[in-house]
Every structure is written in structure tokens, then in C-alpha cells.
Amino acid sequence: YFFHLAFLLARIIRFLTFIFTIIIFLTPFLSILLARIVRKWHESLFCGILALCQDFRICSKQIQIWGGFRMTIAIVDDIAEERILLRKRLEKILLQKNIEFHFCEYENGEAFLKASKNQNFTVLFLDIYMDGINGIEIARNFRKFNKDCMIIFTTTSRDHALEGFQVRAMHYLVKPYSEEDLISLFDEILSRIPAPEKILELKINGSDLQVPFKTIIYAEHFSHMIRIFTTAVKELVIRQSFRTFTAPLIEDSRFFICNRGTIINMEHAVDFDGTIFLMDNGSKISVSRELSKSARQHFMDYLFQKEAF
């Protein structure tokens with residue numbers, strides 16, 4: 001009995017020794033395999049987090065109505081309480097509209113003018129009656145180097161309406177103003193901010209290319225090919241039907257089909273004599289007789305809208 005027990009114990013010890021030897025021999029390989037598994041897991045986790053972040057960035061851009069646009073707003077008033085009240089009301093409106101914003105506050109016009117030479121402002125809320133230089137003079141100096149910022153005077157009267165017109169002030173916000181006044185004003189401000197430029201997506205020589213609408217002067221169809229002339233003094237050639245190519249363009253009021261195979265961008269049209277459009281690159285585009293009247297009307301409508309804006 002003891003002999004069998006000893007024999008069984010010896011076999012168990014031999015088996016365990018064999019297993020232990022295999023484990024020692026395979027340890028480096030197991031370590032490498034385990035490391036690879038862990039690395040793959042980390043890579044998958046990282047890619048998942050990265051994809052989530054990318055999705056979040058895309059969603060953020062979609063939430064921001066103006067395509068990622070951030071409004072930089074200056075408030076110039078020598079009374080701190082007035083600046084704070086206006087900023088808080090504007091913050092509330094901007095948050096409700098999901099618009100990214102940044103405020104800069106100044107207690108006098110001199111400080112604002114100094115800062116504005118290095119800062120591009122979208123909107124300026126400017127008090128007229130301040131110690132030192134008044135708001136009208138500040139606006140005059142500001143307009144010398146900034147033609148695009150929308151100026152809103154915050155004032156207790158409209159006595160300076162003529163001077164405001166001279167500096168192209170957008171609005172007078174008469175104190176005390178209500179939240180409804182600000183909401184209405186901001187709707188007008190947003191309507192004046194240009195929408196992001198439209199993009200035409202093309203595939204040229206196997207590569208994807210994005211061409212802004214505004215850079216297209218005209219395009220013509222010939223022998224199953226589209227030749228696109230742009231402001232980059234570069235001719236793009238793609239194989240596509242004229243109908244497919246022009247489909248996204250004709251939805252924009254700037255574009256007009258002159259004949260069976262040519263479309264122009266009114267933004268680059270210099271003149272129209274009734275039969276030919278003269279483009280700003282020197283090209284002359286003929287208009288078919290049946291479209292001549294429509295072309296003239298389209299051109300006049302475009303010029304009117306451009307001047308109105």
C-alpha cells in the first residue's frame with residue numbers, strides 16, 4: 001500500500017515539475033502575448049475615446065448655429081453697473097441661441113481704441129455720454145481702421161442720430177432698455193452675420209476637392225467634361241453631366257445658366273449688354289436669345305440684393 005502511495009506521489013511531483021518547467025519556459029512568450037493583448041485593448045479604448053471626441057466636436061459645430069463662429073462683443077461704458085447689467089442680459093440671450101461668445105469690457109473709449117487695434121470685434125455696444133472722449137468721437141476713430149464691426153450706441157437720447165449715421169451705427173439702444181429690446185436687436189444682429197460660405201465637393205483625379213462657391217467664376221460643359229474656371233487662375237476639369245454639376249449651384253441666387261452648357265457666378269459678372277456677360281477675369285459669356293430677358297432680370301436682382309446688404 002505504501003509502495004503504491006509513494007509511486008503515485010512521485011508521479012504527481014514529476015507532473016508538477018513538468019508543468020512548472022513549461023511555465024518557466026513559456027513565461028517570456030506569455031508575457032509578450034499578454035502585453036500585446038493589453039496594448040490592443042488600450043488602442044481600442046483610445047480609438048473609441050478619440051472617435052467620441054470627434055463626434056462631440058462635430059456636434060458642437062452643429063450646435064453653434066453659425067458654423068463654429070464665435071462672437072466677440074465689446075461693451076464700453078464708464079458706469080460699471082451698466083456694463084455688468086448689459087453683459088448678463090446678453091449672455092442669457094446668447095446661451096439660449098447656442099452661440100459661442102466672448103466679452104471685453106472697457107470703462108472708457110481710450111482703453112477700447114487701444115485694445116481694438118489688436119482685437120477684431122463682431123459687435124460694439126458703445127455709451128455716448130462718458131467722461132473724456134464721448135462715444136461719437138470714439139466711433140469715428142474706430143471706423144478709421146474697422147469698417148465691419150456693428151456699432152450699437154447705448155444712450156439716454158437720440159440727439160446724436162445724424163452723427164450715428166455718419167459712423168454707420170446699426171442701432172440706438174435707449175436706456176432704460178428691456179430684455180425684449182435686446183432680443184429683437186440680437187435677431188437683427190444675427191441676420192447681418194454672413195452665413196458660412198457654401199462648398200462644392202468635387203472628385204478630381206481620384207482626389208476629393210472642396211471648392212468654395214465664391215471662387216467659381218463660371219463653368220462650361222463640353223464633350224462630357226466640365227471645365228471650371230476659378231479665381232485661383234486654375235482650370236479644373238471633371239467628368240460629370242452638366243445637370244448633376246449645376247444642381248447644387250442653381251439653388252444659390254448668385255448662379256445663372258446662360259445657355260445649354262454654361263453657368264456663371266453673378267458675383268464675378270462685371271457687366272451685361274443683353275447678349276454677353278463680361279466676367280471679372282476678362283471672359284465673355286454668351287447668353288442664349290430665349291434667356292436674355294431672364295438673365296438681365298437675374299443680374300439686376302443680384303445687384304439690388306448686393307447693394308441692400
Side-chain angles (χ1 to χ4, degrees), residues 60-61 63-196 306-309:
S60 296
K61 289 179 180 178
I63 289 173
Q64 294 169 11
I65 299 172
W66 308 102
F69 173 78
R70 184 174 81 158
M71 297 190 72
T72 305
I73 302 170
I75 301 176
V76 184
D77 197 314
D78 57 351
I79 301 175
E81 292 79 5
E82 294 284 351
R83 295 197 307 269
I84 294 170
L85 176 63
L86 178 57
R87 174 172 53 80
K88 287 185 175 180
R89 286 181 170 180
L90 292 174
E91 284 177 347
K92 181 179 178 181
I93 295 170
L94 289 164
L95 288 171
Q96 289 174 344
K97 293 181 178 295
N98 293 315
I99 299 173
E100 188 178 353
F101 57 86
H102 175 66
F103 284 98
C104 296
E105 299 181 25
Y106 304 94
E107 63 180 1
N108 58 67
E110 293 88 342
F112 163 73
L113 286 175
K114 183 178 180 180
S116 63
K117 292 181 179 178
N118 300 311
Q119 175 70 58
N120 189 29
F121 293 104
T122 314
V123 185
L124 165 62
F125 287 88
L126 179 60
D127 186 28
I128 291 181
Y129 302 106
M130 296 185 292
D131 293 335
I133 305 176
N134 66 37
I136 296 295
E137 288 302 317
I138 295 297
R140 285 198 182 109
N141 290 325
F142 180 56
R143 277 290 184 239
K144 291 178 181 178
F145 55 87
N146 190 311
K147 308 295 184 184
D148 299 322
C149 179
M150 289 176 272
I151 298 177
I152 291 96
F153 284 119
T154 57
T155 178
T156 53
S157 73
R158 295 179 180 270
D159 293 342
H160 297 275
L162 179 59
E163 292 94 332
F165 176 78
Q166 292 172 345
V167 295
R168 295 192 295 112
M170 174 186 163
H171 192 78
Y172 273 81
L173 196 58
V174 181
K175 301 176 183 179
Y177 44 82
S178 66
E179 190 170 328
E180 288 72 23
D181 293 332
L182 281 177
I183 292 173
S184 176
L185 172 60
F186 233 87
D187 286 339
E188 184 178 353
I189 290 172
L190 294 179
S191 71
R192 297 196 181 195
I193 296 175
K306 184 179 179 181
E307 289 299 323
F309 180 77

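The chain is numbered in sequence order, starting from 1. The figures that follow rest on heavy atoms only: side chains count, while hydrogens, waters and symmetry mates do not.
- In terms of modelled atom types and a separation under 3.5 Å, the side chain of Thr122 and the main chain of Ile73 share no donor-acceptor contact.
- A distance of 14.5 Å separates CD1 in Ile183 from CD in Glu188, rounded to the nearest 0.5 Å.
- In this structure, Val167 and Phe142 have side chains that are not in contact, with every pair of non-hydrogen atoms separated by 4.5 Å or more.
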**OP:** Any chance you could lay out the side-chain contact (heavy atoms from CB on, under 4.5 Å) test for Asn146 and Asp148, step after step, and finish with the verdict?
**Re:** CA-CA 6 Å; Asn146 190 311; Asp148 299 322; 4.3 Å; yes
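- Within the model, atoms CZ of Arg87 and CZ of Phe103 stand 7.5 Å from one another, a figure rounded to the nearest 0.5 Å.
- Between the OG1 atom of Thr154 and the NE2 atom of His171 there is a distance of 11.0 Å, given to the nearest 0.5 Å.
- The pair Lys114-Glu110 does not meet the salt-bridge criterion, since no charged nitrogen lies less than 4.0 angstrom from a carboxylate oxygen.
- Note that CD1 of Ile128 and CG of Asp77 are 11.0 Å apart. Values are rounded to the nearest 0.5 Å.
- The aromatic ring centroids of Phe153 and Phe125 lie 6.0 Å or more from each other.
- Summarising the geometry of Phe145 relative to Asn141, their closest heavy-atom pair is CE2-O, 3.4 Å, with the distance given to 0.1 Å.
- Using a distance-only test at 3.5 Å, with no hydrogens or angles considered, no donor-acceptor pair links the side chain of Arg83 to the main chain of Glu105.
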**OP:** Assess whether side-chain contact (heavy atoms from CB on, under 4.5 Å) is satisfied between Asn108 and Ile138, documenting all intermediate values.
**Re:** CA-CA 9 Å; Asn108 58 67; Ile138 295 297; over 6 Å; no
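- Taking 4.0 Å as the cut-off between side-chain N and carboxylate O, Arg140 and Glu137 count as a salt-bridged pair.
- Heavy-atom neighbours of Lys92 NZ from other residues, nucleotides or ligands within 6.0 Å: at or below the threshold of 12.
- The backbone N or O of Ile151 sits nowhere less than 3.5 Å from a side-chain atom of Arg168 that would complete a donor-acceptor pair.
- The structure places CG of Leu86 at 12.5 Å from CD1 of Ile79, a figure rounded to the nearest 0.5 Å.
- Contact detail for Arg143 and Lys147: the closest heavy-atom pair is O-NZ, 2.8 Å.
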Subject >> Criterion side-chain contact (heavy atoms from CB on, under 4.5 Å) on Thr72 and Gln119, from CA distance to verdict >> reply: CA-CA 9 Å; Thr72 305; Gln119 175 70 58; 3.5 Å; yes
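- Under the 30°/60° scheme for interplanar angles, the aromatic rings of Phe121 and Tyr106 are found to stand perpendicular.
- Here the side chain of Lys117 pairs no donor or acceptor atom with the backbone of Leu113 at under 3.5 angstrom.
- Between the side chains of Asp187 and Ser184, no donor-acceptor pair is found at a separation under 3.5 Å.
- Here the side chains of Leu124 and Met150 are not in contact, with every heavy-atom distance at 4.5 Å or above.
- Within the 3.5 Å criterion, the main-chain N or O of Asp181 finds a donor-acceptor partner in the side chain of Ser178.
- Counting heavy atoms from C-beta outward, Leu185 and Met170 have side chains that approach closer than 4.5 Å.
- In this structure the side chain of Ile136 never reaches within 4.5 angstrom of the side chain of Tyr129, judged on heavy atoms.
- Surrounding CD of Glu82 are more than 12 heavy atoms belonging to other residues, nucleotides or ligands, all under 6.0 Å away.
- Under 4.0 Å is where a charged nitrogen must lie from a carboxylate oxygen, and between Glu179 and Arg89 no such pair does.
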**OP:** Test side-chain contact (heavy atoms from CB on, under 4.5 Å) on Thr155 and Lys175 and set out the steps.
**Re:** CA-CA 6 Å; Thr155 178; Lys175 301 176 183 179; over 6 Å; no
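- In this structure, Asp127 contributes its side chain and Val76 its backbone to no donor-acceptor pair below 3.5 Å.
- With rounding to the nearest 0.5 angstrom, the CD1 atom of Ile93 is 10.0 Å from the CD1 atom of Ile99.
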